[in-house]
Amino acid sequence: SGIPGIRILLPIAKPLADDKLTKRVFKLVSKASQAKGVSRGVKEVGAAIRKNKKGVLVLAGDVTPVDVIAHLPVLAEENHIPYVFVASRKELGVCARTRRGTSVVFVHEVDPSDSLAETMDKVTDGISTIEA
């Protein structure tokens, strides 16, 4: 919707990943979904967080209406889960290997010996530097 080429971000889309962090986040989501280590969608992600799963929460910054995902950052903070917004839900959906755009993805924590652990560490470090 709106003017083609113009992206409207939610006012709550903070912390918003810069280009470098966005690439790392998409790489993490892509690898994790290949390994079946993600939850997709508001309902599935909310359930995973409520079950005290650990990981990284990735939200799309262009979701409308905002009420759909507005509760998830609060839920993440209450459970000490790092979260970050990316600009596009379509790109997030492609990385999560879904046919449609997805508003939210939760990447589950991996074993430290897993090859995905290094990428996850870089993403969580990137998120903490944005918030600081």
Side-chain angles (χ1 to χ4, degrees):
S1 66
I3 303 166
I6 303 289
R7 191 175 286 153
I8 309 267
L9 292 176
L10 300 174
I12 66 162
K14 292 176 182 79
L16 181 65
D18 60 10
D19 290 343
K20 185 177 179 182
L21 183 58
T22 298
K23 285 179 185 173
R24 283 187 176 154
V25 167
F26 286 159
K27 181 179 177 182
L28 174 68
V29 170
S30 182
K31 284 182 173 182
S33 31
Q34 204 168 12
K36 307 280 189 248
V38 297
S39 297
R40 302 170 187 87
V42 176
K43 190 175 179 182
E44 210 176 300
V45 168
I49 294 172
R50 284 188 199 94
K51 289 179 183 176
N52 292 322
K53 303 269 187 196
K54 294 297 174 196
V56 176
L57 180 62
V58 182
L59 302 122
D62 61 350
V63 176
T64 53
V66 67
D67 304 355
V68 175
I69 61 165
H71 66 289
L72 291 172
V74 175
L75 199 59
E77 284 178 11
E78 288 173 354
N79 289 286
H80 308 289
I81 294 171
Y83 67 93
V84 68
F85 283 86
V86 292
S88 169
R89 70 186 198 124
K90 285 184 180 178
E91 289 177 35
L92 186 58
V94 168
C95 292
R97 301 190 185 324
T98 59
R99 290 190 186 106
R100 304 179 70 178
T102 185
S103 54
V104 60
V105 172
F106 182 73
V107 181
H108 298 275
E109 195 171 53
V110 294
D111 189 81
S113 62
D114 195 307
S115 62
L116 200 58
E118 186 182 340
T119 309
M120 188 171 244
D121 288 342
K122 286 180 181 177
V123 168
T124 52
D125 290 346
I127 293 170
S128 61
T129 57
I130 289 175
E131 291 174 345

Mind running side chain to side chain contact (heavy atoms under 4.5 Å, CB included) on Val58 and Val104 for me, showing each step along the way? CA-CA 6 Å; Val58 182; Val104 60; over 6 Å; no
Candidate pair Ile69 and Leu10, rule side chain to side chain contact (heavy atoms under 4.5 Å, CB included), full reasoning: CA-CA 11 Å; Ile69 61 165; Leu10 300 174; 3.9 Å; yes
Val66 and Val63: CA distance, side-chain angles, deciding distance, side chain to side chain contact (heavy atoms under 4.5 Å, CB included) verdict: CA-CA 6 Å; Val66 67; Val63 176; over 6 Å; no
Assess whether side chain to side chain contact (heavy atoms under 4.5 Å, CB included) is satisfied between Phe106 and Val56, documenting all intermediate values. CA-CA 6 Å; Phe106 182 73; Val56 176; over 6 Å; no
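Closest approach of Arg89 to Ala60, counting heavy atoms only: CB-CB, 3.4 Å. Nearest approach of Ala87 to Leu16, heavy atoms of both residues: N-CD1, 4.2 Å. Scanning all heavy atoms of the two residues, the minimum distance from Glu77 to Tyr83 falls at OE2-OH, 2.6 Å. The shortest heavy-atom contact between Val29 and Val38 is O-CG1, 4.3 Å. The minimum heavy-atom distance linking Gly61 with Ala13 is given by the pair CA-CB, 4.1 Å. Ile130 and Pro15 get closest at one heavy-atom pair: CG2-CB, 3.3 Å.
Atom CZ of Arg40 is surrounded by more than 12 heavy atoms from other residues, nucleotides or ligands within 6.0 Å. Heavy atoms of other residues, nucleotides or ligands lying less than 6.0 angstrom from CD of Glu118 number 12 at most. Applying the 6.0 Å contact sphere to CG of Asp19 captures no more than 12 heavy atoms from other residues, nucleotides or ligands. Counting non-hydrogen atoms of neighbouring residues, nucleotides and ligands closer than 6.0 angstrom, the NZ atom of Lys90 reaches no more than 12 such neighbours.
Lys36 contributes no side-chain N or O that, together with a main-chain N or O of Ser33, makes up a donor-acceptor pair within less than 3.5 Å. Asp114 contributes no side-chain N or O that, together with a main-chain N or O of Ala117, makes up a donor-acceptor pair within less than 3.5 Å.
Between Asp125 atom CG and Met120 atom CE the span is 12.0 Å, to the nearest 0.5 Å. Between atom CD of residue Glu109 and atom OG1 of residue Thr124 there is a gap of 9.5 Å, rounded to the nearest 0.5 Å. Going from atom CD1 of Ile127 over to atom NZ of Lys122 covers 14.5 Å, rounded to the nearest 0.5 Å. Atom CZ in Arg50 sits 5.5 Å away from atom CG in Leu75 (nearest 0.5 Å). With rounding to the nearest 0.5 Å, the separation of CG in Leu28 from CG in Leu116 is 5.5 Å. Interatomic distance, Glu91 CD to Asp62 CG, rounded to the nearest 0.5 Å: 9.0 Å.
Under a hydrophobic-cluster definition in which Ile, Leu, Val, Met, Phe, Trp and Tyr are linked whenever side-chain heavy atoms come within less than 4.5 Å, directly or via other members, Phe26 and Val94 are assigned to different clusters.
For the pair Lys31/Ser115, no side-chain contact is recorded, criterion being any heavy-atom separation below 4.5 Å from C-beta on. The closest side-chain heavy-atom distance from Leu57 to Leu72 is below 4.5 Å. When side chains are defined from C-beta on, Val42 counts as touching Ser103, because their heavy atoms get closer than 4.5 Å.
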